[in-house]
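Notes for the one structure printed next.
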Amino acid sequence: MAGVELLPREYGYVVLVLVFYCFINFWMTAQVGRARKKYNVSYPTLYASEADNKDAKLFNCIQRGHQNSLEMLPVFLMLMILGGIRHPVIAASLGVVYCISRIFYFDGYSTGDPQKRLSIGRYGFLALFGLIICTISCGVGMLTA
């Protein structure tokens with residue numbers, strides 16, 4: 001495979017973590033789909049109106065947990081892909097922390113109490129900070145090579 005041999009062998013861990021995140025996203029998508037049925041929120045409505053639906057806050061918290069994960073996804077992908085070039089094992093480890101924190105973030109948000117998203121979910125931001133450092137190191141390393 002052309003170009004793959006230029007990446008460190010351990011970059012495979014980065015790839016596997018990215019696939020792991022895909023499964024987490026599928027799971028969150030399914031949770032939103034179930035919530036749509038349970039709380040009677042039809043497509044294409046993104047958020048339920050509290051005036052029209054007594055369970056709007058519960059549905060909206062579930063939807064918001066997934067939506068926030070989608071908002072953060074491009075940043076996570078970019079940092080993993082680039083930071084993993086120079087630091088594949090560190091990036092993959094931080095990626096696992098981020099993925100697990102996203103599960104807890106979503107699960108906490110899904111309770112209907114948005115503050116619960118941060119119990120363990122907050123550690124995802126530390127993982128992103130570590131990935132930022134890996135990516136900066138990659139960029140500096142490329143400039144000084």
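Computed from a prediction, not measured in an experiment: that's the story for all the values here. Each residue takes its place number in the sequence, starting with 1.
Arg64 places a side-chain heavy atom less than 4.5 Å from the side chain of Gln67. Between Val17 and Leu94, every side-chain heavy-atom pair lies at or beyond the 4.5 Å cut-off. Within the 4.5 Å cutoff, side-chain heavy atoms of Leu18 are placed close to those of Ile81. Under the 4.5 Å side-chain criterion, counting only non-hydrogen atoms from C-beta, Ser110 is not in contact with Gln31. For the pair Ser69/Tyr21, a side-chain contact is recorded, criterion being any heavy-atom separation below 4.5 Å from C-beta on. A heavy-atom distance below 4.5 Å is found between the side chains of Trp27 and Phe106. Side-chain contact between Met28 and Val32: absent, with no pair of heavy atoms (C-beta onward) separated by less than 4.5 Å. Side chains of Ile85 and Leu7 form a contact here, defined as non-hydrogen atoms less than 4.5 Å apart.
Side chain of Thr135 to main chain of Leu131: a donor-acceptor pair is present (N/O by atom type, distance under 3.5 Å, no hydrogens or angles).
Here Leu118 contributes atom CG and Tyr105 contributes atom OH; the two are 6.5 Å apart, rounded to the nearest 0.5 Å. Distance check: Leu82 CG to Leu77 CG gives 10.5 Å after rounding to the nearest 0.5 Å. If you take OH on Tyr98 and CZ on Phe20, they are separated by 12.5 Å, rounding to the nearest 0.5 Å. In this structure, the separation between SG on Cys99 and CD1 on Ile24 is 4.0 Å, given to the nearest 0.5 Å. Asn60 contributes atom CG, which lies 10.5 Å from atom CG of Asp55 (distance to the nearest 0.5 angstrom). Tyr11 contributes atom OH, which lies 7.5 Å from atom CE of Met80 (distance to the nearest 0.5 angstrom).
Side-chain heavy atoms closer than 4.5 Å link hydrophobic residues (I, L, V, M, F, W, Y) into clusters, and following such links, possibly through other members, connects Leu128 to Ile103. Tracing side-chain contacts under 4.5 Å through hydrophobic residues (I, L, V, M, F, W, Y), one reaches Phe26 starting from Val19; they form part of the same cluster. Hydrophobic clustering (side-chain heavy atoms under 4.5 Å, transitive across Ile, Leu, Val, Met, Phe, Trp, Tyr) groups Ile132 together with Phe76. Tyr109 and Leu73 are assigned to two separate hydrophobic clusters, defined by single-linkage of ILVMFWY side chains at heavy-atom distances under 4.5 Å. Note on Leu79: it clusters hydrophobically with Ile136, by side-chain heavy-atom contacts below 4.5 Å among ILVMFWY residues.
Test Gln63, Arg102, Arg117 against Asn68 for side chain to side chain donor-acceptor pair (under 3.5 Å) and you get one pass: Arg102.
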For a side chain to side chain contact (heavy atoms under 4.5 Å, CB included) check, start with the C-alpha distance between Val97 and Leu126, then their side-chain angles and the critical distance, and finish with the verdict.
CA-CA 9 Å; Val97 170; Leu126 292 174; over 6 Å; no
Does Leu70 form a side chain to side chain contact (heavy atoms under 4.5 Å, CB included) with Asn25? I'd like the steps, not just the answer.
CA-CA 8 Å; Leu70 292 175; Asn25 187 49; 3.5 Å; yes
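Among all heavy-atom pairs drawn from Val41 and Ala48, the shortest one is CG2-CB, 3.8 Å. Contact record, Lys57 with Gly112: CE-O, 3.1 Å, taken as the closest heavy-atom pair. Between Gly124 and Ser101, the shortest heavy-atom distance links the atoms CA-OG, 3.0 Å. Heavy atoms only, all atoms of each residue included: His87 and Ser137 are closest at NE2-OG, 2.7 Å. Minimum heavy-atom separation, Val14 to Ala91: CG2-CB, 4.4 Å.
More than 12 heavy atoms of other residues, nucleotides or ligands shown are found within 6.0 angstrom of OH on Tyr47. Annotation: Phe59, atom CZ; neighbour count of heavy atoms from other residues, nucleotides and ligands within 6.0 Å is above 12. By the 6.0 Å contact criterion, CZ on Phe104 is open, its count of non-hydrogen atoms from other residues, nucleotides or ligands being 12 or less. Heavy atoms of other residues, nucleotides or ligands lying less than 6.0 angstrom from CE of Met142 number 12 at most.
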